[in-house]
Protein chains: 2
Amino acid sequence: MKSQGIKITPQRLAIAEVLVNSTDHPSVQQIHERVKDHFPSLTLNTIYSTINVLVKRGLIQELPFDQYSRYESNLNPHLNLVCTVCGEIKDSHQAESLVRDLLVEVKDTQNFEIAWQRMDLYGECIKCMPKAN
Amino acid sequence: MKSQGIKITPQRLAIAEVLVNSTDHPSVQQIHERVKDHFPSLTLNTIYSTINVLVKRGLIQELPFDQYSRYESNLNPHLNLVCTVCGEIKDSHQAESLVRDLLVEVKDTQNFEIAWQRMDLYGECIKCMPKAN
DNA sequence: AAATCATTTGATAACATATATCATTAAGGA
DNA sequence: TCCTTAATGATATATGTTATCAAATGATTT
């Protein structure tokens, strides 16, 4: 999988596993928390370094936010649903065909070659909505 | 215009003018450069403070990027075309109807209340494309 | 399997964007 | 014009991220 030029180490495997198995777009801090049980010596430095390699090779996507970046391994065009109350981020695959239509239209009509995209919808998720009675 | 609760000062007016009249999504540093001719004493501190007020009132949008944030006053749903070569960011109004369709579909089918959105397309703008002969 | 080479790891330090504090100054309503 | 409240700007602080570099580890060759 990452045998395309990236040296494999146990640390890197652990970091990559967290990224692949997480759907909540973890931050560097969160990755660290999920890895340090198995690698108590693993520092943030190593996570930053590994993530930079993965981002540069296009294997994961970085999503810069207000305070810090979050990361995801889902590279298919999709929408990120970002709850501004609880901070949770979930992928939406609902409108995928419309997303594709959008990208095709831009490709055809704009003088712009799309390499990748980031589409965030900010608002309130169902869990944070005031309950109606 | 901003007489909805925000104290007006010459510095704030100058900053707001830059934001309204710029289409290139300026950073704090860029805003400073464009303002300090008329306000040599105006510091980055004031720009950060003013921008925070405007963002909190929903009058401008913050776009966090890798290194630093950029800002725009266009609050209508649209696509940002971000050139990864020259760094230029331009709004695309081409696919606006498709963007609206997308938002409507999510509103109807997802359990998510959209407040605002950010849609970035990353790639190469026409000026940075290798010329074909 | 051992040795070599290159790269990663992790500790420390450095950077940069952004924020906090606070005295002085200015805005805006009475 | 006075007065209250808030903004400005100087300084210091916080925090996410990157740079440096010796020691350790992974991959490759002999």
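Here is the naming used below: chain letters follow the sequence lines, and residue numbers restart at 1 for every chain.
- To the nearest angstrom, P of D:dA24 lies 14 Å from CD of A:Gln11.
- Bounding nucleotides for the chain A contact on DNA chain C, 5' to 3', at a heavy-atom distance below 4.0 Å, are C:dA6 to C:dT12.
- Each end of the helix from C:dA1-D:dT30 to C:dA30-D:dT1 gets its own axis from five base pairs, and the two axes differ in direction by 40°, given to 10 degrees.
- Two residues, B:Val28 and A:Thr9, neighbour DNA chain C, and the one matched to the more 5' nucleotide by heavy-atom proximity is A:Thr9.
- B:Asn52 places its CG atom 16 Å from the P atom of D:dG9, with the value rounded to the nearest Å.
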Pairs under 3.5 angstrom only: tabulate donor-acceptor contacts from the side chains of residues 35-47 of chain A to other protein residues two or more places apart or in another chain.
{"from": "A:Thr43", "atom 1": "OG1", "to": "A:Asn45", "atom 2": "N", "distance (Å)": "3.4"}

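- Using bins of under 30°, 30° to 60° and over 60° for the plane-to-plane angle, the ring pair A:His25/A:His78 lands in the tilted bin.
- Residues from residues 29-46 of chain B lying near DNA chain C, meaning a heavy-atom separation below 4.0 Å, are B:Asn45 in numerical order.
- The CG-C1' distance, from A:Leu13 to D:dT25, rounds to 14 Å in whole Å.
- Using a 4.0 Å cut-off between charged nitrogen and carboxylate oxygen, A:Arg34 and A:Asp24 count as a salt-bridge pair.
- In this structure the side chain of B:Ser92 never reaches within 4.5 angstrom of the side chain of B:Leu121, judged on heavy atoms.
- At whole-Å resolution of the value, CD1 in B:Ile51 and C1' in D:dT8 are 15 Å apart.
- Remark on DNA chain D: of its neighbouring residues B:Thr50 and B:Gln67, the 5'-side contact belongs to B:Thr50, judged by nearest-heavy-atom nucleotide.
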All N/O donor-acceptor pairs, side-chain side in residues 53-63 of chain A, below 3.5 Å, sequence neighbours left out:
{"from": "A:Arg57", "atom 1": "NH1", "to": "A:Gln4", "atom 2": "O", "distance (Å)": "3.4"}
{"from": "A:Gln61", "atom 1": "NE2", "to": "A:Gln117", "atom 2": "O", "distance (Å)": "3.0"}
{"from": "A:Glu62", "atom 1": "OE2", "to": "A:Ser69", "atom 2": "OG", "distance (Å)": "2.8"}

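- By the side-chain contact (heavy atoms from CB on, under 4.5 Å) test, B:Asp101 pairs with A:Leu98, B:Leu98, sequence neighbours left out.
- In this structure, the CZ atom of B:Arg12 is 13 Å from the C1' atom of D:dG9, given to the nearest Å.
- Here the side chains of B:Trp116 and B:Leu75 are not in contact, with every heavy-atom distance at 4.5 Å or above.
- With A:Ser27 contributing its side chain and A:Arg70 its backbone, the two residues share no donor-acceptor pair below 3.5 Å.
- For the pair B:Arg118 and B:Phe65, the distance from NZ or CZ to the six-membered ring centre is under 6.0 Å and the angle to the ring normal is within 45 degrees.
- Side-chain nitrogen and oxygen atoms of A:Tyr48 include at least one within less than 4.0 Å of the OP1 or OP2 phosphate oxygen of D:dT17.
- With A:Thr50 contributing its side chain and A:Arg12 its backbone, the two residues share no donor-acceptor pair below 3.5 Å.
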